Structures are given as structure tokens and as C-alpha cells.
Amino acid sequence: MADKTYLSDIKEIRVDENSPLFDKTGMLYKEFPSDYRQIRYFTLLIVQSAPLEIKEINLLEQQISEVIKNGVKHGNRCDAAKKVRVWYSFDSTHAHLIVQDEGEGFKDLEKWNEFNRNRLEILSAQDFERLSDYVSFRTQKSDDNDGGNALFAALEYWNGGFVFNEARNAVAMLKSFPQKKHAIG
Amino acid sequence: MTINTFSQVIMSPLLSRLSVLACAAALFFSLRKKDAEGRSGSFLVIIAVLVVRDAFLAFVELPGAPYLSDLLYLSLAAFMVMAPFERSRLLLAATMAVNAAAVGLYVAYAYAGLLPSFPAVAFPLVPMADALLVAASGAVNASDRGDGARRLMGETWPVVFACLGAYAAAAFLLGYGSAAFGRLVAPASYAWLLVVALVDLRDHDAETIEAISYYEESIDSLYNLTFRVGAVLKGSFTTEDVLGGMNEVMMAETGADGGTIYLVDEFDDIIVAKAYAGAFPPPFPLPESLPRKQNRVESYLKHAQFRLGETVLGDVAKTGKNVYSPDTARDPRFAALRAEGADMNEDFLRLSSFMAVPLMVEDKIIGVSAVSKVKPGDQFDEAAFDRFKLLANFGTLAVSNFFSFLAANERSAIERSAGIAAEIQSTIIPKKLPQFPSLAIGAFTSPARGVYGDYYDVLRTREDRVVGVIGDVAGKGVQAALVMVMIRAILHLITNTNKDIATVLDWVNRGITGKIDMDHYATLAIVALNVATGELEYANAAHQPLLVYRRATDTIETIETKSVPIGVERANEYRRKALRLYDGDIAVLYTDGIVEAMNEQGKQFGRKSLGQAVARNRDLAPKDIAGKIRSELSAFIGGARQHDDQTILVFKMKL
């Protein structure tokens with residue numbers, strides 16, 4: 001079935017401490033207190049070093065904001081004494097980011113992958129009755145605003161990989177911007 | 001008659017023959033300049049053969065030589081008439097064989113004395129047979145006018161036949177030695193060469209005239225295209241409008257009923273419809289699910305996209321090969337279309353003639369242009385196809401120029417916006433810092449390309465009170481510069497107050513936070529200094545901590561307060577710290593760009609290096625301390641890129 005081959009390509013969150021995405025060489029660095037109110041500000045500080053030529057900068061900003069938010073909220077539980085540390089580098093072809101918090105790590109990572117896989121299978125089978133069970137991913141610690149949906153989007157957006165370290169409190173990600181193949185002028 | 005004396009030259013038939021041949025040769029020589037196919041050269045060979053033959057025979061009497069040389073002459077003439085035609089190959093071979101055989105037999109018969117019983121009367125029949133074979137070839141190929149050589153022979157073969165026939169018949173009937181033959185028939189028969197040359201000359205002229213009118217029309221249509229695309233550019237900068245204009249010119253110049261233009265996507269291997277006009281039935285099978293309604297099909301075609309190689313259009317975009325299908329009904333490439341059967345009953349789906357060409361810049365395919373005719377029996381002719389290809393070449397040039405313009409325009413918009421921000425920043429920072437006998441102030445700022453978010457200011461609010469401000473607006477460009485302008489305006493209005501300096505920060509924060517529909521944040525640090533006493537008030541909105549160098553102990557103090565940036569929390573209350581500067585003490589405000597400056601090894605300059613630099617240069621004036629730090633920083637960064645603005649503000653007490 002054609003759908004099967006599609007499903008084998010399902011993206012998932014990987015754990016790989018040795019991923020080259022964790023190589024911090026040449027990356028800029030900033031650290032922030034875990035203040036939920038300041039996430040937009042921190043994001044702006046990071047994104048301002050992206051070159052002017054990058055299009056869809058708002059989408060990049062939104063995605064970076066989500067990972068910082070995860071670190072502040074789920075990682076450090078908004079404990080202002082705990083820091084979120086960000087390494088970043090941008091050029092017109094890529095955005096590379098490592099975000100590390102001081103929390104206990106993303107324990108439900110496997111559960112999330114399982115959830116994501118089920119959800120996509122149900123979607124491709126167009127089984128709308130079961131789909132209602134897979135609208136959002138929730139754990140005991142989730143609040144009303146959580147649904148794991150930011151992670152679904154993140155997996156799609158960070159097309160160069162979205163990888164956790166062994167402690168699962170740091171995530172490295174890479175976005176390659178499409179380069180013009182046929183451009184003239 | 002053999003020539004022995006000069007008077008015999010005058011009397012002989014040689015002169016009349018040579019003068020006819022000379023005229024023909026002159027004509028062919030002048031034709032050679034216009035002739036790309038080299039035919040004139042072949043005729044000149046025949047003429048040369050005749051000149052040599054006639055001159056030789058006039059001086060030397062050799063029995064049988066006139067006859068044998070005639071066989072050569074007629075073979076060459078027959079070759080000229082027959083060779084251009086595929087269908088005359090066999091005839092040509094037969095003619096050559098007959099002539100060769102005749103030469104062989106004649107030599108055996110006349111010189112070697114063999115074959116005494118051979119009927120000699122057969123020999124003169126061979127040249128006459130040659131003439132008839134020429135006529136046969138001419139008649140068989142009368143309708144074949146495929147190229148210049150065929151057209152020429154098609155027009156002139158009756159003359160060639162008449163001349164050669166008369167020549168051969170007269171030679172037989174009158175004999176080579178007769179005066180009538182030598183003086184009249186032979187020179188007159190050479191006239192076929194003149195006729196051929198003249199007809200060829202006329203054909204060349206006609207071709208030239210035709211070419212001129214073709215180029216005139218081509219130039220006209222190119223003018224229309226350029227004019228049209230240029231006119232579009234006056235009113236619009238969209239790709240769709242420019243290509244729409246080009247599509248309409250393509251249709252008008254080829255007489256098409258409809259046309260479409262697809263562009264290859266910049267990022268993916270697909271082509272996307274960019275222009276669609278008139279009646280353009282799909283030249284490929286439609287998706288089954290699409291209702292066969294005119295408006296649905298048109299809307300589909302207006303927004304269609306295909307992978308490279310998919311459909312006839314995707315194929316042109318992939319291979320760069322033209323498609324010319326004057327009659328799609330007879331074209332196997334459109335068999336799949338006909339297989340849809342029922343579809344073809346709908347008028348709007350009926351395609352009768354179709355052409356598609358790639359749009360290419362140098363050897364890069366950037367799109368496809370296609371045109372259609374829909375009336376039954378209506379066909380694009382070769383001329384329309386030629387015109388279409390020509391317009392595609394030049395049109396692509398115009399379109400690619402347009403794209404270059406768009407790209408340049410975009411680049412300059414980015415540069416312009418960055419330029420405006422840089423100008424705002426450089427306008428609002430102080431040109432000259434106030435100086436006092438007891439307090440000296442120095443600063444430097446160095447913007448990073450495209451960022452322009454740093455701000456500093458020094459305001460003298462009272463005789464003995466100076467307020468120094470440093471800030472870093474998050475974000476970049478014009479937006480950050482505007483926030484900077486707002487902060488500066490508020491500061492200049494409220495700083496002259498008796499309230500403490502933390503209140504000033506509160507007011508700035510209230511003035512900025514949530515006031516306009518745009519997120520904007522800035523860190524801001526303020527010091528207020530009493531010039532007479534050295535008392536210092538310090539308040540900070542998430543900015544880098546204040547560094548104080550103590551001269552007495554030669555140490556660096558770091559004064560830090562926990563706080564949020566301007567723009568986060570409207571009700572936030574900032575806190576104040578008070579301290580005092582003594583003689584030789586130095587207070588330093590600076591931005592992220594200083595301490596986070598990174599070298600090529602990925603190491604940050606750091607607050608510690610900054611403090612050490614201040615301590616090392618403690619005896620200098622603040623202006624020079626700032627200058628030293630600037631040069632140390634730039635030495636540290638080396639070849640690495642400056643990624644953020646760098647600003648530093650230095651106060652030094654001299655009590």
C-alpha cells in the first residue's frame with residue numbers, strides 16, 4: 001500500500017547525544033532566566049542575529065519561541081532561578097539552535113513518538129472516530145494550554161533534525177532554508 | 001577544321017563557342033558569392049571541361065575525340081540534373097553505366113579494331129539517350145521543389161533537354177565536321193548553361209527578398225513584444241502581469257486562439273501556470289475527478305502545476321525540446337488525449353493544432369510557452385512555428401531582465417530599510433558628551449550590519465546632576481529604531497525630575513509597554529551622578545550589570561539588580577541602588593555586544609576581560625579608555641563577524 005511507505009517516513013523525536021547537531025563550535029550563546037513573560041523578548045534577541053535575507057522570519061521566530069517556551073515551562077517549570085541556555089547560529093541557508101534547560105528531561109519522549117505515530121496512521125486511514133482520541137498529547141503535568149502540537153509542528157519545521165541529548169533536557173535542531181534551484185536574474 | 005594560322009582562328013567555330021561559355025562562366029562566377037550549396041562550382045567545372053575540349057579539338061585532330069568528349073560532357077550535364085533528386089539515383093546510375101559502356105565499346109571498336117561486326121550506328125544514339133534520360137528525370141521529379149538545387153533543375157530541365165537533344169541529334173545528322181553543327185548548333189546548345197545561371201540568379205534574388213520580408217516581420221513582432229512587456233512594467237511589478245502580456249503577444253503573433261505560460265518553480269522540480277488566455281484546451285488528459293465543465297477546466301488550467309517531465313508541457317520544461325503539432329488528430333503524441341473520446345465532443349476541449357517551446361536563458365530552462373488553435377482544420381504553419389520560437393527566445397530575455405530587476409529591487413529594499421535604521425540610530429546618539437572638571441565622560445558605539453539596536457545618551461538635568469543611559473532594543477532594523485526613538489523621547493521629557501532614577505525607568509516602561517500593537521522590548525540601564533559629590537544612583541531594566549573600578553583598591557565591582565526588560569510588564573517597579581564614586585573611580589555601562597563579542601574560536605570576550613581592560617587603562621581619560629577597549633575588542637574578534645552592536649559609556653571621577 002502506498003500509505004505504508006509514507007508511514008515509514010514518519011518523523012520522530014530522536015535521542016542522540018552524539019548527533020553533530022550538538023556541536024557548538026562557532027555558535028553564539030545567550031542564557032535567560034525562566035521567566036515565562038520574557039519568552040518573546042528572548043526570542044527576539046536570538047532572532048535578531050538572523051540575516052536580513054531570510055524570508056519567513058516570523059515562522060522561524062515562532063518556532064524558536066516554542067522551544068524556548070518548552071525549556072522555560074516544561075523543563076524549568078518557570079523557576080526563575082533556573083536558566084535556559086541557548087546556542088544559535090544563522091546564515092541565509094540555515095538556522096541551527098541548541099536549547100538546554102535545568103529540568104529533569106523530557107520523560108515522555110517515547111510516549112510522544114508513539115502518540116504521533118498512531119495519530120498519523122489514523123489520519124492516513126481516515127479513521128475519524130479514533131482521531132478524536134488523538135487531538136492532543138497530554139500527561140499528568142499538562143495544563144490546558146498543552147497539547148504537544150508545537151512539537152508536531154517543530155518536527156516538520158526543523159527539517160535538518162530535532163534531537164535530544166541523553167538527559168533529554170537539551171534539544172538541538174537544524175532548519176535548512178530552501179535554496180533556489182532554477183532561479184534566474 | 002584544324003587551326004594552323006591566326007586567320008583560321010577568326011574563321012573557326014572556336015570563338016563563338018568560347019564566347020558563349022565565357023558568358024555562362026561569368027554568370028556562375030557572380031552566383032558563387034550568393035551560393036551556399038556550391039552548385040555554381042559544379043557548373044564551372046562543366047564549362048572548364050568544354051573550354052578545354054573545344055580549344056584542344058580546334059588545334060589537334062584526333063579521330064573519335066569529339067565523340068568521347070561529348071560522352072563526358074553529357075554525363076556531367078546529366079549528373080547535374082539528376083543528382084539533387086533521391087528518386088533519380090537509379091536513373092543517374094544507369095546513365096553513367098550507359099556512357100561508360102559506350103566509351104569502352106567505342107575504344108574497342110574504333111581504336112583496337114575489335115568487334116568489327118558492332119553496329120556503329122548505335123554510338124551516336126548514346127548522347128541522344130542521355131538527353132532523353134535527362135528529360136525523364138526532369139519529368140519524374142517535376143513536383144519536387146524541396147531545396148534550391150531541386151527547384152533550379154525542376155524549372156530548367158526542359159531547356160537542358162532541348163539543348164542537349166538538339167546537340168546530340170545535330171552531331172548525328174550533320175556530323176561533327178559540318179559547319180552548321182560547329183558554328184551554329186554547338187554554340188547555341190551551350191545556351192542551357194546561360195539559362196540555368198539566369199534562373200538561379202532570379203531564384204537567389206527571390207530568396208533574398210523573402211528573407212528580408214521575413215526579418216522585417218520578425219522585427220515587427222519583436223517590437224510588439226518588447227513594447228507590450230515594457231508597457232506592463234509601467235503599471236505593475238507582478239510576474240503574472242508581465243507573463244500575461246507576453247502570452248498575449250505570443251497568441252497574436254502566431255494567430256493562436258489561446259495560450260499559456262508556465263514557469264519552472266525556483267525551489268522544486270515543478271512547473272506552475274503563470275499566464276492563461278483565450279481558448280486553450282488541455283493538451284493532456286485531465287484528472288478523472290475534474291468535472292468536464294468549461295469554467296472548471298479553465299480554472300484548473302489557470303492554476304495547474306506539474307512535475308518536470310509530466311504532461312507534454314512538463315516534458316518541454318524537462319527536455320527543452322519544442323513540440324510542433326500542426327494537426328493533433330494525426331499526432332501520436334496526442335493519442336492519449338483522443339483516447340478520452342467523449343471529451344472531444346465538448347467544443348472547449350477540442351484541440352486542433354498545438355505548439356510548445358521552452359523559455360530558456362542561456363542553457364537554463366525557466367519555463368514553457370504553449371499556444372493552441374481550436375477551430376476544426378485550423379493549423380499552425382511552419383512560419384507561425386518559426387515566429388513562436390523567435391518570440392520565445394526574445395521574450396525570455398525580457399522576462400529574465402524583469403526578474404533580475406525584481407531581485408535587485410528586493411535587495412535594495414533590504415539595504416534601504418537597514419540604511420534608514422542606521423541613520424535614525426546615528427542621529428539620536430549624542431554628538432558631543434558634556435564634560436566637567438570633576439567628571440569626564442567617554443563613549444563609543446559600533447553598529448553591526450542590519451542590527452542598529454544600541455542606544456546611549458547623556459543628559460544634564462541640573463547644574464550638578466548628569467544622567468547617563470544605555471539601552472539595547474531587541475529586534476532590528478526600522479522597527480527597533482522606532483522603539484529607540486520613543487524611549488529617547490520619553491527620557492528627554494521626564495529625566496529632569498526630583499524623583500529617584502528607578503522611577504524614571506518605571507515611567508519609561510509604562511510609556512512603552514502595551515501602548516502600540518507591536519511587541520517591543522529593550523534593556524535599559526541608567527546612572528544619575530552628582531558631579532560635585534560623586535554620589536551615583538543606578539537602576540536597571542535587565543541590562544548588563546554596571547562595572548565600577550575602584551582606584552583605591554584597584555578592584556572591579558559588579559553592580560547587579562534582578563529585573564525584567566522594558567516592555568514586558570507594565571506594572572513593574574524597578575529598584576534603585578545608590579553608591580558613591582571617589583577620585584579616580586571609573587563606572588562603565590556597556591551592551592551585550594561588548595561582552596558577548598565572539599572570536600573565531602567561539603570564545604566570548606566576557607565581562608572579566610572588559611574589567612581588566614578598564615583597570616589596565618585606569619590612568620587614561622574616559623574617551624581614551626573607550627578607545628582602548630574598542631581596539632582590544634576588535635583585536636580579540638579578529639576575522640570573526642561582528643554579530644551585534646557594541647556600545648560602551650565610561651564615567652571617571654576626578655575629585
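Here is the naming used below: chain letters follow the sequence lines, and residue numbers restart at 1 for every chain. These numbers were taken from a predicted model, which means no experiment stands behind them.
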Option in [options] with maximal non-hydrogen atom pairs under 4.5 Å from chain A:
| options | result |
| --- | --- |
| B/Ala474, B/Pro565, B/Ser417, B/Gly477 | B/Pro565 |
| B/Glu569, B/Lys603, B/Glu600 | B/Glu569 |
| B/Lys562, B/Gln601, B/Arg449, B/Glu362 | B/Arg449 |
| B/Asp592, B/Asn401, B/Asn599, B/Val568 | B/Val568 |

What's the verdict on side-chain contact (heavy atoms from CB on, under 4.5 Å) for A/Gln48 and B/Asp644, showing C-alpha distance, side-chain angles and the deciding distance? CA-CA 9 Å; A/Gln48 76 181 18; B/Asp644 199 1; 3.7 Å; yes

Between B/Gln604 (side chain) and A/Tyr29 (backbone), is there a donor-acceptor pair under 3.5 Å? yes

Tell me, with the steps shown, if B/Val564 and A/Tyr41 meet side-chain contact (heavy atoms from CB on, under 4.5 Å). CA-CA 10 Å; B/Val564 297; A/Tyr41 165 64; over 6 Å; no

Sort B/Ala448 into side chain, backbone, both or neither according to what part of it lies under 4.5 angstrom from a heavy atom of chain A. neither

Which bit of B/Glu410 is near chain A, if near means a heavy-atom gap under 4.5 Å: side chain, backbone, both or neither? side chain

[X], [atom1]: over 12 other non-hydrogen atoms inside 6.0 angstrom:
| X | atom1 | value |
| --- | --- | --- |
| B/Arg307 | CZ | no |
| B/Glu573 | CD | no |
| A/Lys175 | NZ | yes |
| B/Phe636 | CZ | yes |

Measure the spacing between CZ of B/Phe267 and CZ of A/Phe177 and express it to the nearest 0.5 Å. 11.5 Å

For residues [X] and [Y], report the shortest heavy-atom separation together with the two atoms involved.
| X | Y | result |
| --- | --- | --- |
| B/Met598 | A/Leu28 | CE-CA, 3.6 Å |
| B/Gly475 | A/Leu44 | CA-CD2, 3.9 Å |
| B/Lys476 | A/Val47 | NZ-O, 4.3 Å |

Against chain B, label A/Pro51 side chain, backbone, both or neither, depending on which of its atoms sit under 4.5 Å from a heavy atom there. backbone

Would you mind telling me which of A/Ala80, A/Ala50, A/Gly26 has the largest number of heavy-atom pairs within less than 4.5 Å of chain B? A/Ala50

Among the listed options A/Lys24, A/Glu61, A/Lys30, the residue most often paired with chain B at heavy-atom distances under 4.5 Å: A/Lys30

